[in-house]
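Notes to accompany the following structure.
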Amino acid sequence: MSRVLTLSPNPAIDLSVALDSLELGGVNRAGAIEIMAAGKGVNMARVLVSLGHQVTVSGFLGTENEAPFVDAFAALGVEDAFVRLPGATRINTKLSEAGGRVTDINAPGLAVDQQAWRELTELVDQRLASPRGKPDAVMIGGSLPPGVGADALAALVRCVRRHEVPVWVDTSGDALAAAIEAGASAVKPNREELAEWAAMPLPDEDTLHRAAQLLASRGLQHCLVSSGEQGVLWLGQQGEWRSHPPTVEVSNTVCAGDTLFAAMLHAVLTNMSPQAGLGLATALSAEAVRHPGVGDVHCPDFHQLLEHTRVHRLSDAATGGALA
Ligand SMILES: O=P(O)(O)OC[C@H]1O[C@](O)(CO)[C@@H](O)[C@@H]1O
């Protein structure tokens, strides 16, 4: 079992609304409504716990509506190291239609001032300096809250790297570019995020692959590019691999990326082979799209999902050795 610290600078309460179909400008009647403590770091923590890791969660939480988070952390058995701020954590609305289409409405979030950001950075620095509680990896996920610039994220990434701990970052735009420059160990852009980073359109698999190679050339240990049902491209120091997920009924895709990234970290921390690691992460991510929330490794048909996930090597340079 490894120790992982996940950071959500801008977490959210996800309000998932299931609809037959969304009628813009009309009165929509929901089939079901679910509220869940979320944000990428929190979702990744759920996956890591289910895969057997010891997790500490941190970031910023508003004191006005912290109850769903406190309850979720207790139920999960993770250590709550969130910095509390006055005000309310944002609520993100996810409108999921029967055909599998999801419309996200993500709020800006609670403003974070320099003092609060310093508090979070010091907390991370102290955790990493502690000989007994030092995490084996740090995951940072999601957008930056109002008041926090990409340079602040870069400084946080550098702080983790100074302690020689891998830092896996799932974000986008300027924050993604800054994290890469600062020495992030792994990133997971989707096609649109990669196109934005590379500043070019990625209309086909060939251009996508070349942009991913450009990204990997920036010194990252692992680059994952997720393209939904078309699968995952993984470029690591052992070579390049592509996975194809099993066919599943798509209900809610919101947490698929968080599931993929966290499961891939698990594969690295447990020295799985590239084939097995990417297969597990892809299958678990496919499981996630069948319902709201992250993938459930304990679902009754998980072994079948795994069996129907295909992984193949793209480059001959790969050794096929363990992922770590
Ligand atoms: O920080 P962002 O980019 O707004 O994304 C937050 C959203 O991402 C998710 O973690 C899913 O990836 C949701 O739970 C959350 O609402």
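Since the model is a prediction, treat every value here as computed from it, not as a measurement. Order of appearance sets the numbers: ligands from 1, and atoms from 1 within every ligand. Quick note: residue numbers are just sequence positions, from 1.
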| request: Could you pull out all residues at least two apart from E64 that satisfy side-chain contact (heavy atoms from CB on, under 4.5 Å)? | output: A88
| Tell me, which pairs form a ring-ring contact (aromatic ring centres under 6.0 Å, His included) where one or both residues lie in residues 268-314, sequence neighbours left out? | H244-H312
| message | Assess whether a salt bridge exists between R127 and E79, defined as any Lys/Arg side-chain N lying under 4.0 Å from an Asp/Glu carboxylate O. | response | yes
| query | Heavy atoms under 4.0 Å from ligand 1: which residues qualify? | reply | D14, A38, G39, K40, N43, R90, N92, K94, N106, G142, S143, V254, D258
| Is a salt bridge present between E205 and R242, judged by a nitrogen-to-oxygen distance below 4.0 Å? | yes
| Taking only residues two or more places apart in sequence or in another chain, which ones pass side-chain contact (heavy atoms from CB on, under 4.5 Å) with L51? | V47, H53, A263, H266, L284, V297
| query | Is the shortest side-chain N to carboxylate O distance from D301 to R290 below 4.0 Å? | reply | yes
